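Note sheet for the following structure.
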Amino acid sequence: MDLLDTLTAKGLRGEVPTREEALAVLATTDDELLDVVAAAGKVRRRWFGRRVKLNYLVNLKSGLCPEDCSYCSQRLGSKAEILKYTWLKPDQAADAARAGVAGGAKRVCLVASGRGPTDRDIDRVTTTMAAIKEADPEVEICVCLGLLSDNQAERLKAAGADAYNHNLNTSEGTYGDIATTHTYADRVDTVQKAHGAGLSACSGLIAGMGESDEDLVDVVFALRELGSDSVPVNFLIPFEGTPLAKEWNLSPQRCLRILAMARFVHPDTEVRIAGGREVHLRSMQPLGLHIANSIFLGDYLTSEGQAGQADLDMIKDAGFEVEGAGEATLPRHRADLAEAAQAAQAAGGCGTAASACGSGGGCGPCGGHSHAPAETAETVPAPAEETATANDELRSDLVKVRRRGAGTELAPNA
């Protein structure tokens with residue numbers, strides 16, 4: 001197929017496809033699916049070999065969030081019967097992190113519900129990071145605390161944080177349909193604050209919320225322009241008690257196409273299969289490893305993942321290997337670009353890891369899409385069955401509330 005040949009050649013050179021080519025990936029048929037996976041796999045192996053980076057989540061504070069994000073089980077007004085607790089003590093969080101590291105996790109992600117941290121919250125998290133680093137100085141720490149105020153990213157960086165996660169989630173055009181208590185621009189601002197402070201920017205999306213192909217392409221290109229070093233691709237977990245509980249729009253094939261599109265747009269960037277892979281990819285999870293180079297180990301914030309040992313077995317059986325603590329995740333040229341962009345932003349410039357212009361309106365005429373028109377790609381009409389929802393087979397039995405690990409008396413799943 002000319003489209004896949006073109007995308008593979010571009011990806012092997014570290015070049016970004018056009019929007020038309022990205023849309024064409026999402027419109028491929030089931031008969032073409034393995035060809036799509038194989039093409040994306042060539043790009044993945046070019047930049048990341050057969051390594052899989054493991055990440056482990058620790059939910060420092062669960063539930064009772066004042067924001068109204070429709071997808072979230074911790075949202076304002078959520079009736080989901082999830083765990084609800086206030087801040088874990090530093091030793092409790094360190095114990096939870098230790099379990100993930102023992103299971104092979106290279107990065108620990110510290111997450112707390114809420115609109116954004118207070119200065120006291122930053123103090124709590126820096127104390128927790130110190131406890132984790134004392135036990136394992138080499139572990140990477142990514143922090144996710146919501147919207148950041150001025151100087152908070154700098155404090156986290158100085159305390160030893162390596163990265164900050166704040167997802168864009170969906171396109172700018174549809175963000176108002178998902179949340180009303182903050183804006184898409186607020187999210188962009190937080191990612192820019194983190195990147196400008198020298199933190200690696202971890203920002204991704206959620207698929208399956210009823211968005212269009214154009215929305216998916218918009219957000220994936222926006223993440224590239226924003227300079228995200230790690231792109232978590234989440235698949236909506238439709239929690240009962242949330243507004244999106246009936247949104248079962250994803251098939252395993254659809255998920256693989258979305259992952260492949262993200263890989264082609266981010267050929268040399270960490271692409272992570274994040275929340276919902278067990279729910280939507282199911283038995284086809286190993287195929288996802290041929291596209292993405294990173295996954296979460298074990299459980300998520302409020303839902304259960306598959307057993308940590310099952311994750312490790314899957315990686316081994318699929319012919320991949322766990323990325324070691326001493327191995328660099330990003331290719332050297334990407335790491336150099338990220339460092340240069342962070343230095344430029346810290347100095348008041350507008351560089352990003354992707355180009356010399358930023359996004360979110362921060363650099364005036366530099367922003368927006370400036371991609372060349374498609375070369376030979378032709379958009380293939382989506383098959384009829386792809387446009388239908390999966391509501392005739394709601395698999396709510398696959399959504400399991402987390403009852404173990406952080407905030408409980410039970411051992412973590414790692």
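Note that the coordinates shown come from a computational prediction; the quantities given were computed from them, not determined experimentally. For the numbers below, each heavy atom of this structure counts, side chains included, while hydrogens, waters and symmetry mates do not.
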Strictly under 6.0 Å, is that where the ring centroids of Y164 and H195 end up? no

Just say parallel, tilted or perpendicular for the rings of W47 and H333, cut-offs at 30° and 60°. tilted

If you count heavy atoms of other groups shown closer than 6.0 angstrom to NZ of K133, is the number above 12? yes

Any sub-3.5 Å donor-acceptor pair from R75's side-chain atoms to C69's backbone N or O? yes

Do you see a donor-acceptor pair shorter than 3.5 Å between the side chains of N249 and R254? no

Taking 4.0 angstrom as the limit, do K42 and D5 come out as a salt bridge? no

Would R107 and Y56 count as a cation-pi pair here, with the cationic atom under 6.0 angstrom from the ring centre and within 45° of the axis? no

Determine the sole option in R402, R404, K400 for which the salt bridge (Lys or Arg N to Asp or Glu O under 4.0 Å) test with D299 is passed. R404

Checking D189 now: which residues fulfil salt bridge (Lys or Arg N to Asp or Glu O under 4.0 Å) with it, not counting sequence neighbours? K193

Are there more than 12 heavy atoms of other residues, nucleotides or ligands under 6.0 Å from atom NZ of K316? no

Relative to each other, are the rings of H182 and Y175 parallel, tilted or perpendicular (30° and 60° limits)? tilted

Apply side-chain contact (heavy atoms from CB on, under 4.5 Å) to K10 and V16, showing your working. CA-CA 7 Å; K10 286 186 174 183; V16 180; over 6 Å; no

Apply side-chain contact (heavy atoms from CB on, under 4.5 Å) to residues L301 and N59 and explain how you reach the verdict. CA-CA 6 Å; L301 296 177; N59 200 357; 3.8 Å; yes

Test: K61 and D121 ion pair at under 4.0 Å: no

Run through V231, V43, D229 and flag the one making a side-chain contact (heavy atoms from CB on, under 4.5 Å) with H266. V231

Surrounding CD of E81 (heavy atoms of other residues, nucleotides or ligands, distance under 6.0 Å), is the total greater than 12? no

Is it true that R115 and T181 share a donor-acceptor pair across their side chains at a distance under 3.5 Å? no

Between R51 and E321, does any NZ, NE, NH1 or NH2 come within less than 4.0 Å of an OD or OE carboxylate oxygen? no

